[in-house]
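A short write-up of the structure that comes next.
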Amino acid sequence: MLASFLRVLLFAELSLFAALAALLHGAAGWGLGAALSTVLICDLVVRTAITINSFAASSALASHGDSARLALAARIRLVAAEAWWTAVAFSVLMPFPRLGGSMNSTLPRSGVPVLLVHGYLCNHGIWRAMKRFLE
């Protein structure tokens, strides 16, 4: 159910991108490559701003000492990685959770079982990128 809804949202998002690029290309006279690049860069900026806002809110609400402080370069890498994986999760992994095969492990069962609980508005596709690391 969630995957279907996310596919509809992805289609709407891509349609909006195409319409904005067409508007820049046709009405504003931009080259097609410049129009598409601008729309995609704007999308990345918005996604990154949302990620920065989430980190800022959690940092403001957290009770941590100086040991939790990261250097500026580490913060930038952290925000960039989170923005990238958020885009991948919501644009590929969750709308298409069966992409890439079964989530069942092919490794023999041993040790302590681990229960993975995804977040609100997520599905098992969220674990796809981590499957090999979790195994």
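Because the structure is a prediction, the values reported are computed rather than measured. Index from 1, following the sequence.
Following chains of ILVMFWY side-chain contacts shorter than 4.5 Å, one cannot reach Trp30 starting from Leu36, and the two form parts of different hydrophobic clusters. Val39 and Val46 sit in two unconnected hydrophobic clusters of ILVMFWY residues. Membership requires side-chain heavy atoms under 4.5 Å apart, directly or through other members. Leu44 and Ile76 end up in different hydrophobic clusters when Ile, Leu, Val, Met, Phe, Trp and Tyr side chains are linked at under 4.5 Å. Put simply, Leu24 and Leu40 are part of the same group of oily side chains (I, L, V, M, F, W, Y) that touch within less than 4.5 Å, one to the next.
The shortest distance between side-chain heavy atoms of Phe96 and Leu10 falls below 4.5 Å.
No donor-acceptor distance shorter than 3.5 angstrom exists from the side chain of Arg47 to the backbone of Ala83, with no hydrogens or angles considered. Judged by distance alone, the side chain of His25 and the main-chain N or O of Ala35 form no donor-acceptor pair under 3.5 Å.
For the atom pair CG (Leu20) and SG (Cys42), the distance works out to 8.5 Å, reported to the nearest 0.5 Å. Note: Met1 CE to Asn123 CG = 12.5 Å, rounded to the nearest 0.5 Å. Interatomic distance, Ser91 OG to Leu9 CG, rounded to the nearest 0.5 Å: 10.0 Å. If you take CE on Met94 and NE2 on His124, they are separated by 11.5 Å, rounding to the nearest 0.5 Å. Interatomic distance, CG of Leu93 versus CH2 of Trp127, reported as 11.5 Å (0.5 Å rounding). Note that the OG atom of Ser59 and the CD1 atom of Ile52 stand 13.0 Å from one another [nearest 0.5 Å].
More than 12 heavy atoms of other residues, nucleotides or ligands sit less than 6.0 Å from atom CZ of Phe55.
With respect to Glu82, the side chain to side chain contact (heavy atoms under 4.5 Å, CB included) criterion is satisfied by exactly one of Leu78, Val79, Thr86: Thr86.
Residues Pro95 and Ala89 approach most closely at CD-O, 3.7 Å, considering heavy atoms.
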